[in-house]
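Fair warning: this is a prediction, and the values are worked out from it, not measured in the lab.
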Amino acid sequence: MNDVDVLVTTVTDRWNNDHQAFFVAQVKPFLAKHGIDIAVFFEGQQVRQYLENKVPALKLIQHEREPTNWAIVPADAAVIPPYSQYFTSKRNKPRAKIDFPYQNALKVAFTRPIGAGQRRWVFTAPARFLDLPATEMPVGAFEVTSANVEEQADETRSAELIENWISQNGLDSDQYRFSKFSSLTKPKAHRSALHQLLALLPAEDLDRVSLPLDVVRKLLDRPEEHQR
């Protein structure tokens with residue numbers, strides 16, 4: 001089986017099993033996971049351009065409400081509009097109205113526009129994000145692109161965007177859920193004032209905070225104040 005066949009087989013299996021498309025954004029991580037040299041494979045072309053020109057066994061479909069979101073299906077797949085129906089696994093049940101299930105930093109990461117010339121990266125444990133110059137690629141982070149971001153999204157829509165992003169990148173959703181982060185901070189019996197300060201700061205501001213070591217020591221020695 002050659003490199004293209006690996007992709008075609010996976011896309012075909014997904015279509016046959018779930019009647020769902022394979023995200024274009026997932027193609028590069030998938031191929032890299034299978035030990036394929038991305039630079040050599042794509043011959044300098046963009047993913048969509050390469051698929052259109054070199055892989056006739058597959059065809060591209062576009063999400064109607066998210067025009068930058070593309071996916072692939074077998075060339076003979078009988079797809080009909082709206083194509084958005086093929087972008088979300090049917091095994092995912094409709095979300096009931098519940099409290100936002102993910103760590104708060106993700107809500108900001110998926111609703112705040114990404115600045116020109118920057119790329120957004122999400123880290124875990126706890127979840128946080130950084131906007132860095134386009135030339136920088138941090139280790140241990142996954143990218144959130146403009147296609148994943150909706151500035152006016154409410155909590156329900158934000159959760160959907162996060163779930164789609166997690167699915168696209170093949171990640172473990174538990175790493176980003178609020179309950180998992182909360183369990184890491186318990187018990188609170190020995191928490192210090194420094195822990196309290198860090199908990200009060202928005203996640204996106206943590207990387208901009210610096211404190212002298214003598215202040216850090218004082219905060220560590222001082223127990224958390226529970227009375228306001």
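Ring geometry, Y102 versus F100: the interplanar angle exceeds 60°, so the pair is classed perpendicular (tilted spans 30 to 60°).
The distance between the ring centers of W165 and F110 falls below 6.0 angstrom.
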Side-chain atoms of residues 137-145: list all donor-acceptor pairs with protein atoms under 3.5 Å, sequence neighbours left out, distances to 0.1 Å.
from: E143; atom 1: OE1; to: R119; atom 2: NH2; distance (Å): 2.8
from: E143; atom 1: OE2; to: R119; atom 2: NE; distance (Å): 2.9
from: T145; atom 1: OG1; to: A147; atom 2: N; distance (Å): 3.3
from: T145; atom 1: OG1; to: N148; atom 2: OD1; distance (Å): 3.1

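When all heavy atoms are compared, the tightest approach of R177 to Q103 is O-NE2, 3.4 Å. Heavy-atom minimum distance, I114 versus S146: CD1-N, 3.8 Å. I162 approaches K107 most closely through the heavy-atom pair CD1-N, 4.5 Å. Considering all non-hydrogen atoms of both residues, A21 and V73 come closest at CB-CG1, 3.6 Å. The two residues S167 and Q26 make their nearest non-hydrogen contact at O-NE2, 3.8 Å. The shortest non-hydrogen separation linking V122 to A109 is CG2-CB, 4.4 Å.
For the atom pair Q46 CD and E52 CD, the distance stands at 11.5 Å (nearest 0.5 Å). Distance check: T12 OG1 to L58 CG gives 6.5 Å after rounding to the nearest 0.5 Å. Separation of atoms OG (S158) and CD (Q152) is listed at 10.5 Å; rounding is to 0.5 Å. The distance from atom OG of S173 to atom CD1 of I166, rounded to the nearest 0.5 Å, is 5.5 Å. Interatomic distance, CH2 of W121 versus CG of L130, reported as 11.0 Å (0.5 Å rounding). For the atom pair OG1 (T111) and CG (D154), the distance works out to 10.5 Å, reported to the nearest 0.5 Å.
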| field | From CA spacing to verdict: side chain to side chain contact (heavy atoms under 4.5 Å, CB included), K59, D76 | value | CA-CA 8 Å; K59 65 181 175 183; D76 59 356; over 6 Å; no

| task | Give the intermediate values and the outcome of side chain to side chain contact (heavy atoms under 4.5 Å, CB included) for residues F23 and N69. | result | CA-CA 8 Å; F23 292 105; N69 198 0; 3.8 Å; yes

| field | D13 vs F22, side chain to side chain contact (heavy atoms under 4.5 Å, CB included): CA-CA, chis, key distance, verdict | value | CA-CA 10 Å; D13 288 345; F22 190 95; over 6 Å; no

| task | Please test E66 against R157 for salt bridge (charged side-chain N to carboxylate O under 4.0 Å, His left out), starting from the C-alpha separation and ending with a verdict. | result | CA-CA 13 Å; E66 302 170 8; R157 178 57 181 158; 2.4 Å; yes

| said: If you apply the rule side chain to side chain contact (heavy atoms under 4.5 Å, CB included), what do you find for E43 with N53, and how did you get there? | reply: CA-CA 12 Å; E43 303 172 356; N53 297 334; over 6 Å; no

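Residues T10 and R14 fail the side-chain proximity criterion, which asks for heavy atoms closer than 4.5 Å. Side chains of P101 and Y176 form no contact here, defined as non-hydrogen atoms less than 4.5 Å apart. Looking only at side-chain heavy atoms (C-beta outward), Q45 and K54 come within less than 4.5 Å of each other. The side-chain heavy atoms of Y83 and E64, taken from C-beta on, include a pair separated by under 4.5 Å. Within the 4.5 Å cutoff, side-chain heavy atoms of V27 are placed close to those of I72. Counting heavy atoms from C-beta on, the side chains of V4 and Y50 come closer than 4.5 Å. Within the 4.5 Å cutoff, the side chain of L51 has heavy atoms near those of the V47 side chain. Contact of the V24 side chain with the L60 side chain is registered, since non-hydrogen atoms from C-beta on lie closer than 4.5 Å.
W15 and I80 fall within the same hydrophobic cluster, where Ile, Leu, Val, Met, Phe, Trp and Tyr residues are linked whenever their side-chain heavy atoms come under 4.5 Å apart, directly or through other members.
Identified under the ring-ring contact (aromatic ring centres under 6.0 Å, His included) test for residues 57-78, with sequence neighbours left out: H63-F87.
Within the 3.5 Å criterion, the main-chain N or O of L171 finds no donor-acceptor partner in the side chain of N169.
Residues E136 and R120 are not paired through a salt bridge, judged by the lack of any N-O separation under 4.0 Å between the basic side chain and the carboxylate.
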